A.B. asks: 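One structure, pasted below without further comment.
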2 protein chains.
Amino acid sequence: MLSYTEENYLKSIYHLSEGGTKAVLTNEIAASLNTKAATVTDMIKKLSSKELIEYEKYYGVNITKKGKQLALSIVRKHRLWETFLVQKLNFQWDQVHEVAEQLEHIHSSLLIEKLDEFLGHPTADPHGHPIPDKNGRIKQEKQVVLKDALINKTLYVCAVRNGSPSFLQYLSKIGVQIGAKVLVTERIEFDGSLEVSIKDNNPQLISREAAENILVKE
Amino acid sequence: MLSYTEENYLKSIYHLSEGGTKAVLTNEIAASLNTKAATVTDMIKKLSSKELIEYEKYYGVNITKKGKQLALSIVRKHRLWETFLVQKLNFQWDQVHEVAEQLEHIHSSLLIEKLDEFLGHPTADPHGHPIPDKNGRIKQEKQVVLKDALINKTLYVCAVRNGSPSFLQYLSKIGVQIGAKVLVTERIEFDGSLEVSIKDNNPQLISREAAENILVKE
DNA sequence: ATAAAAGTTTAGATTAGTCTAAAAAATAAT
DNA sequence: ATTATTTTTTAGACTAATCTAAACTTTTAT
Ligand SMILES: [Mn+2]
Ligand SMILES: [Mn+2]
Ligand SMILES: [Mn+2]
Ligand SMILES: [Mn+2]
């Protein structure tokens, strides 16, 4: 069984390697976990000896199949708990991440399967992120970054890329939530900001920065 | 903020001091936490320096007001989680303790208040143990050990004293659950075993040992 | 009252996780 | 192709929690 700390390292390595194909670097892990490179070097040796990652000195790490399965089970727990907090306990979507960081480390397969059942086998968490199933499979739907969306095409918000409370609170304030209808009415060349109509309301400006962190689908 | 380990020691000391008035001894703590006396000595020094207990060398410890409040908040979390697992996730009463041992250490007052609300402010957990309220207050009802119950008096099971899975499974098998109607039809002098009618069924024998671990009320 | 037994504390060691500072390797710049 | 910079690893130290073995106190038995 992995310790709380080992689980956090493994999950972080999994997220850093998502999408990309290159090895994950020591400093990247250190930055993502707010720790020091020397500490990371020790830990990746340990995870490597457990065959959860492959480590080549000075070149970084790659997650193994076994490591990925384990990481996915932690991600599954994290996202199921976030869903529980929002759907059953009426948390706001900006309040759940920190608590889920703790809850994801509870060890009980019975608990997680019963929780999944209780929630009706959800496929996405409150931020639109996919929830891996019991076998670690993820249902990925095609989505596009709002920044790159076509002008005057009706779209629906399906996920956020940045889960920071301040960003989520801002989104709530302007009416952006998962499922919300959005329409880009104009793209400002100068700074990349967008004029967007949210839920058929009067168009308002959002920054390029914000538009890069909102995912939409048709 | 207390560590996972400090919380377990404090809770254990609280439970060992419940009822009794004498100081809690090093070996009692060691036994209850499956650790060694030397380890306990170190930890009680730490808890003492945090003013959660009062420690007199060679004579044991007493929990302080501050320590008791903290212990009660952990007990509250433990019992609310057990209630959640049984009432919402359909766990059996013999499956919840181990998981609650982990869940009780999640730090989030928002979480626990919302959970309490979600469960409808329950006053007892699945084993009939009282759930302290937000302020640490416990609603104690008068109850008697089944072993000492009057003959042929209708009573209702209100709690168990021993939460081991094997005992709880045995109780489930013979129909004893919280709220079940029971009637002691005869007390066997020889070994203290009781003949008991459970839910108006034919009387059956239960051991003195079992009868000492079942609490009933009128 | 003294000796034996039981219980508790101290001393010294170990493991997990962390850090800083120095050494080594890889990458970038002249 | 050397040199300078950046990144990574190693070395050594620290804290929390744990253990065993030895020393010390208290309690019990003679
Ligand atoms: Mn999250
Ligand atoms: Mn975590
Ligand atoms: Mn319990
Ligand atoms: Mn616990």
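On a predicted model such as this, the values are computed, not experimentally measured, just so you know. Chain naming here is simple, since letters A, B, ... match the order of the sequence lines and numbering starts at 1 in each.
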A.B. asks: Can you list, by residue number, the residues of residues 1-36 of chain B that have a non-hydrogen atom closer than 4.0 angstrom to DNA chain C?
C.D. replies: B/Leu25, B/Thr26, B/Asn27
A.B. asks: So B/His129 and B/His127, would you call those rings parallel, tilted or perpendicular, with 30° and 60° as cut-offs?
C.D. replies: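 Rings of B/His129 and B/His127: tilted, as their planes differ by 30° to 60°.
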A.B. asks: Under 3.5 Å, is there a donor on one side chain and an acceptor on the other for A/Gln169 and A/Asp94?
C.D. replies: yes
A.B. asks: For residues A/Val144 and A/Leu215, determine if any side-chain heavy atom of one lies less than 4.5 Å from a side-chain heavy atom of the other.
C.D. replies: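 A side-chain contact under 4.5 Å is absent here.
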A.B. asks: Should the ring pair A/Phe118 and A/Phe84 be called parallel, tilted or perpendicular, given that the plane angle runs from 0 to 90° and is split at 30 and 60?
C.D. replies: tilted
A.B. asks: Tell me whether the OP1 or OP2 atom of C/dT9 has a side-chain N or O from B/Lys45 closer than 4.0 Å.
C.D. replies: no
A.B. asks: Mark yes or no: A/Lys114 above the aromatic ring of B/Phe91, with NZ or CZ under 6.0 Å from the six-membered ring centre and no more than 45 degrees from the axis.
C.D. replies: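 That pair qualifies as a cation-pi contact.
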A.B. asks: Compare all side-chain heavy atoms of A/Ile206 with those of A/Val176 and state whether any distance is below 4.5 angstrom.
C.D. replies: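 A/Ile206 vs A/Val176: side chains apart.
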A.B. asks: Considering only nitrogen or oxygen atoms on both sides, find all protein atoms under 3.5 Å from nucleotides 21-28 of chain C and state each distance.
C.D. replies:
unit_1: C/dA25; atom_1: O4'; unit_2: A/Tyr58; atom_2: OH; d: 3.4

A.B. asks: OP1 or OP2 of D/dT8 less than 4.0 angstrom from a side-chain nitrogen or oxygen of A/Tyr55, does that happen here?
C.D. replies: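 Looking at the OP1 and OP2 atoms of D/dT8, neither is under 4.0 Å from any side-chain N or O of A/Tyr55.
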A.B. asks: Start at the 5' end of DNA chain C and walk down; is the nucleotide closest to A/Asp42 or to B/Thr41 reached first?
C.D. replies: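 In this pair, the answer is B/Thr41.
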A.B. asks: I want to verify a distance call: between D/dT9, D/dT18, C/dT10, whose nearest atom is closest to the A/Ala37 side chain?
C.D. replies: D/dT9
A.B. asks: Side chains of B/Ser12 and B/Ser32: any donor to acceptor distance under 3.5 Å?
C.D. replies: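 Present: a donor and an acceptor within the cut-off.
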A.B. asks: Of the nucleotides D/dT18, D/dT10, C/dT9, which has the atom closest to the B/Ile44 side chain?
C.D. replies: C/dT9
A.B. asks: Could you check whether A/Asn8 and A/His105, counting side-chain N and O atoms only, form a donor-acceptor pair closer than 3.5 Å?
C.D. replies: yes
